[in-house]
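All values derive from a computational prediction rather than experimental measurement.
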Amino acid sequence: DGNITFHYLDMDGNPIPGQAPVEETFHEGGTCNTIDHHLDISGYTYHSGQDVTDHSNPTSVKDIYTFRGDENIDINLYYKKDINIVAHDKEKSYDGQALKSSGLSDLTDVYRQSLQSGDKLASVTYSGSQTNAGTSSTTPTAVTITDDDGNNRNDYYNIIYTPGTLTVIPLYVSVTITGDTISKVYDGTYSTVGYEVTRISTSLYSENKIQFNGTESSITQKDAGTYLLNISNKFTNTDPNFDVHFQVSNGALTIHKRDV
């Protein structure tokens, strides 16, 4: 009979914890499909294999071995250790500046449980940014893993990048709009009342983003009477980067009769 033994190793050549070698025996003429022995091992991903029957001269692993009956074949199957690089979600109110991820602090700590002793993350970059109100992805890329001596250890790991979400929420803005108030005695001349934007809570927001949706933005009269300028609920914001709340007071033109 012939024997074949599969050894399950990490990329440093060490046995994967909890995964024993698999040995099989075949009669003369029997065949072994080595691909069937690429086991799913939790926390690891298959990478490559070597036939180390002759330890001084490793060769490529055949897909199929046919046995004559006297072989003792040793196969090393190498697995990369899975490591998840996960971006934190980030959120801010709109300020006109791009929201981005930067540095190791913008990663969750989940990767730490997969690092081998002495290994550490040295650097990471990200793709993605969000400036306007809305959401988009921020994806870690090009992480560098090193050991205590600064040697690159990326090849030991199967690096899995998981994006986070960038969220920019509309900036809260308070706008005060005040209708004009005029009170006078009839003098035969026309007077006009309109409105004025008297306060905006942030310099990021400008008056030209305010739209008037009413039918009359002013009143002009000369005869005695009381004339109301109703502008409540007549204003809307045209920029979705802002959550605008309007405080509006109506205007009034009062012309008193002249005593004669």
Determine whether a donor-acceptor pair (N or O, by modelled atom type, separation under 3.5 Å) exists between the side chain of [X] and the backbone of [Y].
| X | Y | answer |
| --- | --- | --- |
| D180 | G194 | yes |
| T192 | T220 | no |
| N154 | I145 | yes |
| N250 | S232 | yes |
| D147 | D149 | yes |
| T165 | S137 | no |
| T53 | D74 | yes |
| S201 | S174 | yes |

[X] side, atom [atom1]; [Y] side, atom [atom2] - distance, nearest 0.5 Å:
| X | Y | atom1 | atom2 | answer |
| --- | --- | --- | --- | --- |
| N158 | D82 | CG | CG | 4.5 Å |
| D243 | L171 | CG | CG | 8.5 Å |
| Y157 | M11 | OH | CE | 12.0 Å |
| Q97 | L204 | CD | CG | 9.0 Å |
| D89 | T108 | CG | OG1 | 10.0 Å |
| E24 | D1 | CD | CG | 13.0 Å |

Taking the side chain as everything from C-beta on, heavy atoms only, tell me whether [X] gets closer than 4.5 Å to [Y].
| X | Y | value |
| --- | --- | --- |
| Y227 | V193 | no |
| V248 | K234 | no |
| P163 | Y161 | no |
| L121 | I85 | yes |
| K90 | D106 | yes |
| Y186 | K257 | no |
| T135 | Q130 | no |
| N241 | V168 | no |

Give the cluster check for [X] versus [Y]: same hydrophobic cluster or not, with ILVMFWY residues linked at side-chain heavy-atom distances below 4.5 Å.
| X | Y | answer |
| --- | --- | --- |
| F212 | I177 | yes |
| V197 | L229 | yes |
| L166 | I169 | no |

Heavy atoms of other groups near [X] [atom1], more than 12 under 6.0 Å:
| X | atom1 | result |
| --- | --- | --- |
| N233 | CG | no |
| K62 | NZ | no |
| N14 | CG | yes |

No-hydrogen, no-angle side-chain donor-acceptor test under 3.5 Å, [X] and [Y]:
| X | Y | answer |
| --- | --- | --- |
| T238 | Q211 | no |
| T198 | T176 | no |
| T25 | N3 | yes |
| H256 | S183 | yes |
| Y156 | D119 | no |

Q) Can a salt bridge be assigned to the pair K81 and D12 using a cut-off of 4.0 Å between side-chain N and carboxylate O? A) no
Q. Would Y126 and K100 count as a side-chain contact (heavy atoms from CB on, under 4.5 Å) if you check the C-alpha gap in whole Å, the side-chain angles of each, and the deciding distance to 0.1 Å?
A. CA-CA 8 Å; Y126 299 86; K100 299 180 180 180; over 6 Å; no
For [X] and [Y], which heavy atoms make the closest approach, and how far apart are they?
| X | Y | result |
| --- | --- | --- |
| L253 | S191 | CD2-O, 3.6 Å |
| S56 | D54 | OG-OD1, 2.7 Å |
| C32 | H37 | SG-CE1, 3.6 Å |
| R68 | E71 | N-OE2, 2.7 Å |
| K184 | T189 | NZ-O, 3.2 Å |
| G96 | T131 | O-CG2, 3.8 Å |

Q: Using the side-chain contact (heavy atoms from CB on, under 4.5 Å) rule, take R153 and T146 through it: C-alpha gap first, then chi angles, then the decisive distance, then the call.
A: CA-CA 5 Å; R153 291 276 291 163; T146 62; 5.5 Å; no
Q: Check the pair F235 / V244 against side-chain contact (heavy atoms from CB on, under 4.5 Å), numbers first and verdict last.
A: CA-CA 10 Å; F235 296 92; V244 182; over 6 Å; no
(Q) Does N237 form a side-chain contact (heavy atoms from CB on, under 4.5 Å) with D239? I'd like the steps, not just the answer. (A) CA-CA 6 Å; N237 162 53; D239 190 334; 3.8 Å; yes
**Q.** side chain to side chain donor-acceptor pair (under 3.5 Å) against D95, all qualifying residues, sequence neighbours excluded
**A.** K92
Q | Contacts of T141 that satisfy side chain to side chain donor-acceptor pair (under 3.5 Å) - sequence neighbours left out | A | T125
Q: Test V173 against every option in F246, Y94, F242 by the side chain to side chain contact (heavy atoms under 4.5 Å, CB included) rule and name the one that passes.
A: F242
Q: Under 4.5 Å between side-chain heavy atoms, chaining through other members, with only Ile, Leu, Val, Met, Phe, Trp and Tyr counted: pull out the rest of the cluster around Y44, sorted by chain and number.
A: I4, F6, Y8, I16, V22, F26, L39, I41, Y46, V61, Y65, F67, I73, I75, L77, Y79
